[in-house]
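Remarks on the structure that follows.
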Amino acid sequence: MFKWAQAALANVAGTKEPIYGPEAIRSVAEEAKTTPYTETTKDDLKWQAMESTCVETQCFYFMTDSGQLAFAQVIYSNVAGIRTTCQFNCKVFSLDGSKPHLWCSTPLNNHEFSEDKTSFYATDCAVELSEDGNSYTIKSLNDERSIVNVTIKRTAPGFKIGTSGTTLFGTDLANPWGSMRHVFWPRCVAEGTIATPDGPVDCKGRAMFVHALQGMKPHHAAAKWNFCNFQGPNYSAVLMQYTTPPSYGSTVVNVGGIVKDNEIIFAGAEGAVTHVAIKGDTENDWPEPTAIKFEWKGTTKDGKQADAVLEGELEDKLDRIDVMAEVPGFVKQIVAGAVGTKPYIYQYAPQKKKLSLKLKLGEEEISEEGYLFSEATFISA
């Protein structure tokens, strides 16, 4: 009971959580032992819009045929059931560094959901799932610097790991106090534009979508993250890895998969991320990666052993985001008072030498060059 009280205090006040140990987390990897993944349905794409502390996001990544990189994101955030706030973010990267990235982050007013909770609306903003559940339309007029009107359509099935896609946190896992859930559309096509001061960005090209729910304070759920979004001519690969703080045994959870048009090759919770080379960030002491290795392991539908590797130099980082400087005040409240919390996101998209995804499916070996967008996030030591 005392630990429950400590957790309740930590949840409201942002204090450091006590050490519960690895038994206070049930990784989605447990489900994946018997059901590596489940294809998504419309029900999986419903906003949960929890009434307790949470951060829920839908994020759309665009790798355009003309060689540009951008994303659009809706964030729904609730602080201790006291205040709910929504935000629309849009970023257009300057890949050659000749000008600053375009970053627009706007609080949203009058948010609501469709009756079936699959679409999100706010003043001058709509993120709508189509009737057939195969495409999203993202529209935002909230910032004249980035007027978004883009549609993405999945060209491969979506998936969640295990049967629920969810990792649970708590000393009584029948009544968990926290959760982490991911649903992916790893391979999509996009069309439409983002109107910017430098002219329209034509988003025609590849896209990837992820719907994520952190049903607790983000810095309580994860101390660090790694993210891979790879898009090749025939294959797409996604991997999301997070490591819990010591309070949950520094448990590592991997969720990801490899797909091609109309087919999931394999997906599951067997994966790894290695920072092959690092350099210290002199401003904040985080071990900024300069080379990386992503690995996936699993089994194809016809029972073949499947492995994939993507590794190489990350080149110069595209951006380093001081999360506490960027996020709105309501998110600062979530991490206020958390000792040792200094979240930074490092973003990469190698340009000089594209990386290759190397697949081994049974005896068959495939190598495909493509585009990588990667993030390494450090939250707490």
Side-chain angles (χ1 to χ4, degrees), residues 36-37 39 60-71 93 95 152-159 161 184-191 203-210 226-241 254-277 289-315 318 347-376:
Y37 68 92
E39 290 191 13
F60 304 85
Y61 297 89
F62 311 114
M63 292 176 170
T64 76
D65 288 346
S66 60
Q68 291 184 281
L69 175 66
F71 70 76
F93 290 90
L95 294 179
I152 70 152
K153 182 174 184 178
R154 65 176 182 83
T155 59
F159 67 81
I161 300 307
F184 300 99
W185 282 6
R187 190 168 177 84
C188 307
V189 289
E191 59 181 27
C203 290
K204 185 177 187 301
R206 288 264 151 235
M208 186 277 243
F209 162 66
V210 56
N226 288 290
F227 170 55
C228 167
N229 170 19
F230 172 88
Q231 301 293 331
N234 299 295
Y235 294 91
S236 296
V238 62
L239 182 60
M240 191 79 81
Q241 181 198 73
N254 292 284
V255 290
I258 312 288
V259 308
K260 64 180 182 180
D261 283 345
N262 304 312
E263 184 184 347
I264 296 172
I265 307 295
F266 69 99
E270 290 185 74
V273 183
T274 308
H275 291 186
V276 176
T290 57
I292 203 155
K293 182 179 183 182
F294 296 102
E295 298 173 87
W296 296 258
K297 291 184 185 299
T299 308
T300 63
K301 280 180 182 167
D302 55 0
K304 291 177 189 164
Q305 174 64 35
D307 298 274
V309 177
L310 180 69
E311 66 178 315
E313 299 288 324
L314 288 168
E315 299 175 7
L318 279 181
Q347 297 177 318
Y348 305 89
Q351 300 295 304
K352 296 170 195 159
K353 185 182 178 189
K354 292 187 175 62
L355 303 189
S356 292
L357 179 69
K358 293 177 180 171
L359 280 168
K360 189 170 183 191
L361 309 173
E363 296 303 308
E364 183 185 11
E365 294 191 12
I366 302 158
S367 180
E368 179 168 282
E369 191 177 85
Y371 290 92
L372 169 68
F373 175 70
S374 174
E375 291 183 334

Evaluate the side-chain proximity of [Y] to [X]: yes if any heavy-atom separation is below 4.5 Å, no if none is.
X: Tyr371; Y: Leu69; value: no
X: Leu355; Y: Leu310; value: yes
X: Ile292; Y: Thr274; value: no
X: Tyr348; Y: Leu318; value: no
X: Lys293; Y: Val309; value: yes
X: Thr155; Y: Cys188; value: no
X: Gln351; Y: Glu315; value: yes
X: Val273; Y: Leu239; value: yes

So, taking the atom named [atom1] in [X] and the one named [atom2] in [Y], what distance separates them when rounded to the nearest 0.5 Å?
X: Thr300; Y: Glu263; atom1: OG1; atom2: CD; value: 9.0 Å
X: Gln241; Y: Asn254; atom1: CD; atom2: CG; value: 4.5 Å
X: Ile366; Y: Lys260; atom1: CD1; atom2: NZ; value: 7.0 Å
X: Phe230; Y: Glu369; atom1: CZ; atom2: CD; value: 8.0 Å

Exercise. For Glu375, does the CD atom have more than 12 heavy-atom neighbours from other residues, nucleotides or ligands under 6.0 Å away?
Worked result: yes
Exercise. Can you list the steps and then say if Met208 with Phe71 is a side-chain contact (heavy atoms from CB on, under 4.5 Å)?
Worked result: CA-CA 9 Å; Met208 186 277 243; Phe71 70 76; over 6 Å; no
Which pair of non-hydrogen atoms, one from [X] and one from [Y], has the smallest distance, and what is that distance?
X: Thr290; Y: Glu313; result: O-OE1, 3.6 Å
X: Val238; Y: Pro186; result: CG1-CB, 4.0 Å
X: Gly257; Y: Phe159; result: N-CZ, 3.6 Å
X: Ile258; Y: Ala237; result: CD1-CB, 3.5 Å
X: Cys203; Y: Ala190; result: O-CB, 3.4 Å
X: Gly232; Y: Arg206; result: O-NE, 4.1 Å

Exercise. Below 4.0 angstrom, N of the basic side chain to O of the carboxylate: do Asp307 and Lys297 qualify?
Worked result: yes
For this session: Before accepting this row, confirm whether a basic side-chain N of the pair Lys301/Glu39 lies closer than 4.0 Å to the acidic partner's carboxylate O.
Result: yes
For [Y], is there any backbone N or O sitting under 3.5 Å from a side-chain donor or acceptor partner on [X]?
X: Arg154; Y: Asn262; answer: no
X: Thr299; Y: Gly303; answer: no
X: Ser374; Y: Cys228; answer: no
X: Gln305; Y: Glu363; answer: no

Exercise. Among side-chain atoms of Glu368 and Asn234, is any donor-acceptor pair under 3.5 angstrom?
Worked result: yes
Problem set entry | Distance-only polar pair, side chains of Gln231 and Ser236, donor-acceptor under 3.5 Å | yes
Problem set entry | CA sep, side-chain torsions, deciding dist, call: Ile264, Tyr37, side-chain contact (heavy atoms from CB on, under 4.5 Å) | CA-CA 10 Å; Ile264 296 172; Tyr37 68 92; 3.6 Å; yes
Exercise. How are the rings of Phe294 and Trp296 set to each other: parallel, tilted or perpendicular (split at 30° and 60°)?
Worked result: tilted
Exercise. Going through the distances and angles, do Phe93 and Phe373 end up as a ring-ring contact (aromatic ring centres under 6.0 Å, His included)?
Worked result: CA-CA 11 Å; Phe93 290 90; Phe373 175 70; 5.5 Å; yes
Exercise. In a check of ring pair (Phe, Tyr, Trp, His ring centres under 6.0 Å) between Tyr61 and each of Phe209, Phe184, Phe227, which one passes?
Worked result: Phe227
Exercise. Between Trp185 and Ile152, is a side-chain contact (heavy atoms from CB on, under 4.5 Å) present by the stated rule, with each step listed?
Worked result: CA-CA 10 Å; Trp185 282 6; Ile152 70 152; 4.0 Å; yes
